[in-house]
**Q** 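A single structure is presented below for examination.
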Amino acid sequence: AQRVTQPEKLLSVFKGAPVELKCNYSYSGSPELFWYVQYSRQRLQLLLRHISRESIKGFTADLNKGETSFHLKKPFAQEEDSAMYYCALGYGQNFVFGPGTRLSVLP
Amino acid sequence: ETGVTQSPTHLIKTRGQQVTLRCSSQSGHNTVSWYQQALGQGPQFIFQYYREEENGRGNFPPRFSGLQFPNYSSELNVNALELDDSALYLCASSSGAWDGYTFGSGTRLTVV
C-alpha cells in the first residue's frame, strides 16, 4: 500500500531558527505531492504542491525521488508558523495523508 | 457563496443507524472528495467524485457510499454505523484531480 510517513509528531524550534518538516513516501510511479497546513481553529488548507515549485509563506519543498522524500523547509521560522502540517500523496485516483507534524515556534 | 460548506457541524447517532452528511463545493469546482479524520490522526481518503461518478476510493467498506449532484454538491452516506465511525468527516473540492483541495470545516460524528 502507498504510504506517507512523517517521523516527528511534534517539532519545536525557536523563532528565527531554520525548520525542516520531514516527509517520506512509498510509491513506485510519479507522485503528486502536497503539503497541507492547519492553523489553530482553522480549516485544513493547501500550502504548496511539488509540481508548482513555488514558495508559500517562505516555505519550500523539494521532491527527491531517490530518497522518496518531500521535506518542507523554511530558513527562518516565525511564531505564526505554529500549526499542524500534513504531507500528502496523490496517485492514480487516490490520496494519502501522512499522520502530521505539529510545529511549535517558540518566542 | 464561495468556499466549501458542510452540514451539519455536529451529529450524534446510535450504533446501527444510517447517516447522511452534506457538502457544497466551492464555486467552479467539479471534483469532490471525502475524508475521515480520527482524533490525533491524519485525514483518511474515503472516495472522490468527478462529474457525478466515483473515480477513486480508499480502503473503506461498501457501507460508505456517496453521491455527487449536477451542481457538484455531494453527500456521504454511512450505513450500519459502528462505534469506530466516530470521527471528523471532511469534504474537499477542487477544479482538477491534483490541483489542490479546498477543505470544509467538517462534520463531527459521534456514534454511541
Side-chain angles (χ1 to χ4, degrees), chain A residues 1-10 21-25 27 29-54 56-57 59 61 63 70 72 83-103, chain B residues 1-7 9 23-26 29-60 64 66 68 76 87-108:
Chain A
Q2 319 311 327
R3 292 183 61 208
V4 175
T5 57
Q6 295 177 250
E8 301 131 334
K9 292 190 72 172
L10 174 65
L21 300 168
K22 291 183 168 56
C23 171
N24 287 89
Y25 66 92
Y27 179 57
S30 293
E32 297 284 347
L33 286 156
F34 305 81
W35 277 97
Y36 280 82
V37 61
Q38 188 165 27
Y39 301 102
S40 180
R41 302 180 193 278
Q42 294 189 27
R43 305 176 181 201
L44 198 58
Q45 57 186 280
L46 178 66
L47 182 60
L48 54 79
R49 309 167 51 196
H50 92 272
I51 198 168
S52 58
R53 303 184 67 81
E54 57 193 342
I56 303 294
K57 300 184 179 183
F59 284 97
L63 175 60
F70 188 57
L72 183 68
M84 195 73 183
Y85 291 80
Y86 294 97
C87 182
L89 164 70
Y91 66 97
Q93 304 298 339
N94 293 295
F95 211 72
V96 177
F97 277 87
T101 297
R102 181 167 299 282
L103 174 64
Chain B
E1 180 183 350
T2 59
V4 176
T5 57
Q6 293 186 242
S7 62
T9 54
C23 171
S24 293
S25 302
Q26 179 165 314
H29 285 183
N30 56 19
T31 302
V32 66
S33 56
W34 285 88
Y35 300 83
Q36 180 193 69
Q37 186 173 22
L39 205 58
Q41 298 184 22
Q44 301 293 311
F45 176 68
I46 301 175
F47 45 57
Q48 176 174 280
Y49 278 79
Y50 172 70
R51 294 187 175 181
E52 303 175 59
E53 298 282 336
E54 183 183 296
N55 71 344
R57 189 176 185 92
N59 189 27
F60 279 82
F64 286 78
Q68 187 184 29
L76 164 66
L88 180 68
Y89 287 85
L90 297 168
C91 171
S93 70
S94 73
S95 54
W98 308 131
D99 283 351
Y101 289 106
T102 300
F103 279 83
S105 298
T107 294
R108 172 74 61 188

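Numbered from 1 within each chain, the chains take letters A, B, ... in sequence-line order.
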**Q** Quick one: of B:Gly104, B:Pro43, B:Gly42, B:Gly56, who has the most non-hydrogen atom pairs under 4.5 Å with chain A?
**A** B:Pro43
**Q** Short question: side chain of A:Tyr36, backbone of B:Gly100 - any donor-acceptor pair under 3.5 Å?
**A** no
**Q** Side chain from CB out, backbone as N, CA, C, O: work out which of these in B:Ser105 comes under 4.5 Å of a heavy atom of chain A, or both, or neither.
**A** both
**Q** Sub-3.5 Å donor-acceptor pair from the side chain of B:Arg57 to the main-chain atoms of A:Asn94, do we have one?
**A** no
**Q** Applying a heavy-atom distance below 4.5 Å, give me the residues of residues 32-40 of chain B that approach chain A, sorted by number.
**A** B:Tyr35, B:Gln37
**Q** So, taking the atom named CG in B:Leu90 and the one named CZ in A:Phe97, what distance separates them when rounded to the nearest 0.5 Å?
**A** 8.0 Å
**Q** Does atom CZ of A:Arg43 have more than 12 heavy-atom neighbours from other groups under 6.0 Å away?
**A** yes
